[in-house]
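Inspection log for the structure reproduced underneath, given as structure tokens.
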Amino acid sequence: MVDIHIYNTKARTKQPFEPIDPSNVRMYVCGPTVYDHVHIGNARPVAVFDVMFRLLRHVYGSDHVTYARNITDIEDKIMERAERDGVSIKSLTERCARQYQTDMLKLGTLEPSLQPKATEHLPEMIKMMKTLIEKGHAYVADGHVMFHVASMENYGQLSRHSRDELIAGARVEVAPYKKDAADFVLWKPSSEDQMGWSSPWGKGRPGWHLECSCMIEKHLGETIDIHAGGQDLIFPHHENEIAQSECSHGATFVNYWMHNGYLTVDGEKMSKSLGNFHTVHDLLKEHEGEALKLSLLVAHYRQPIDFSIKTIQEQKRRLDRWYRLTDGVDADTTIPVAVIEALADDLNTPRAIAALDALASDDTAGALKAGAQFLGLLLKSNDSWFKGDAPDGITASEIEVLIADRIKARANKDFSESDRIRNRLESAGVALEDGASGTTWRKAD
RNA sequence: GGCGCGAUGGCGGAGUGGUGACGCAACGGAUUGCAAAUCCGUGUACACGAGUUCGAUUCUCGUUCGCGCCUCCA
């Protein structure tokens, strides 16, 4: 049995991973709010924790891991966007959720076991709020249901923020209905024309944190093994999930918290206002999904990544090399130990990739293929990888005709004609390679 | 202000108390009509200053610089 070690945010240290139930290891990852295309930063946790999912399946068996990744389809930004675009909330969220799932699959990630949606868990949310009110952890004020932070002894255990610090550092105006500046919203009132659900406290909608607590409890149980997401979620999102869940059921909420580092562009956080915003959807038009995914895995997940197109191109070249080497080679039936060991050490993907590079030679191509495919790479045929859909403006058969003409010219030592044909193909985006077994072509980079 | 993270060669990026991971780029060579692809070869990197040590890029302290979070952003 492989020993997995995980850096646990709760303990701020690397710990051996011991599942609650090896026959059902449970992991939850915070997914996107669906109101637009997701950006490449949103894809980082998806790519990273997909590797975790694969590793857990490898170690505990593919039928013994449950991985849930939620879709947040209730949020004020959704309402604003739907109104701006004049579309219904439902059509907006469903379209975006579908697009998200399609794009993530193109990155070569596995489909999670479950993809629960907030809108499907209103009864559970109402039930949790009732429990929290009964137990004195929440109160009703001015149409809101608020979580009362002071009612929880060890609030702040994950982020290491004390309630006092929060109040001292508060940057926003304290809403008048709050008993305490640190209190947060479980439920807020909706006007007639806003999205909302009926509840014992009137028509309203849930606060952001409540859905994750409820979906985890319903689908995975009161205590789960791994909860993951971006570093920015540590506070307030995950801290408040802990508060809601542990105060409502009393059990430990999560044993291992994993948080991926930020992805920046030119050293700055990606944001629309800075104009450095790259959506996965757009990137997939220009770049291979596998190259995109590898770009997200070349750095350790807890390190920041300064994203660039150059990185994608570098990873494309690495994959080109791996594809050439493994052409026509069957993948070994076992995954290289070095790859598994690297991943088991707190998901050290750079080391796993280096291990694959070390296997990138003719006599270990089968191992390379097995290891790469374990990560969801090298899954295409070489034809599809190098040729893909024929480049714009020229068909594969036209290319073959020109190659045949060029072979004739070369046989006649008519190199000016030969080069003319090659240049013509090059300007059409086709690169030629004269190998020992003849001339082949591929799409130029 | 509070909490936390980081600084490795031209670039990306692991790791380690004592032989320069790995990849990209660059350069030289082989191969090629020329290329491409491939193969062989080439590199005195660990922000700065102290300390601990036989020995520090790795441990400790300090400095500088950069970044994130502090109520709804992965």
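A note on names: the letters A, B, ... follow the listed sequences, proteins ahead of strands, and every chain is numbered from 1.
If you take atom P in B:G23 and the same atom in B:C73, they sit 41 Å apart, rounded to whole Å. Comparing B:A21 with B:G12, their C1' atoms are spaced 14 Å from each other, to the whole Å. Comparing B:G9 with B:G2, their C1' atoms are spaced 37 Å from each other, to the whole Å. Distance check on atom C1': B:G18 versus B:C59 gives 15 Å, rounded to whole Å. Rounded to whole Å, the P atom of B:C11 lies 23 Å from the corresponding atom of B:U16. B:C48 and B:G66 have their C1' atoms separated by 15 Å, given to the nearest Å. B:G6 and B:G43 have their C1' atoms separated by 26 Å, given to the nearest Å. For the P atom pair drawn from B:U8 and B:U57, the interatomic distance equals 15 Å after rounding to whole Å.
In the displayed structure, A:Glu83 atom CD is contacted under 6.0 Å by at most 12 heavy atoms of other residues, nucleotides or ligands.
For the pair A:Phe386 and A:Lys443, the minimum side-chain heavy-atom distance is 4.5 Å or more.
In the interface, the side chain of A:Arg302 is not paired with the base of B:C5 through any donor and acceptor atom under 3.5 Å apart. For A:Asp306 against B:G12, a side-chain-to-base donor-acceptor contact under 3.5 Å is absent.
Looking at heavy-atom distances under 4.0 Å, A:Arg317 makes contact with sugar-phosphate atoms alone, never a base.
Among A:Asp434, A:Asp419, A:Asp414, the one residue that satisfies the salt bridge (Lys or Arg N to Asp or Glu O under 4.0 Å) test with A:Arg406 is A:Asp434.
Helical stems of RNA chain B (runs of at least 3 Watson-Crick or G-U pairs, donor-acceptor distances under 3.5 Å) are listed by first residue: B:1-7 with B:64-70, B:10-12 with B:22-24, B:26-30 with B:38-42, B:47-51 with B:59-63.
Between A:His39 and A:Phe277, the ring planes are perpendicular. Angles over 60° get that label, and only those under 30° would be called parallel.
Proximity of A:Arg321 to the phosphate of B:C24: a side-chain N or O atom is located under 4.0 Å from OP1 or OP2.
A cation-pi contact, defined as under 6.0 Å to the ring centre and within 45° of the axis, is absent between A:Arg410 and A:Phe415.
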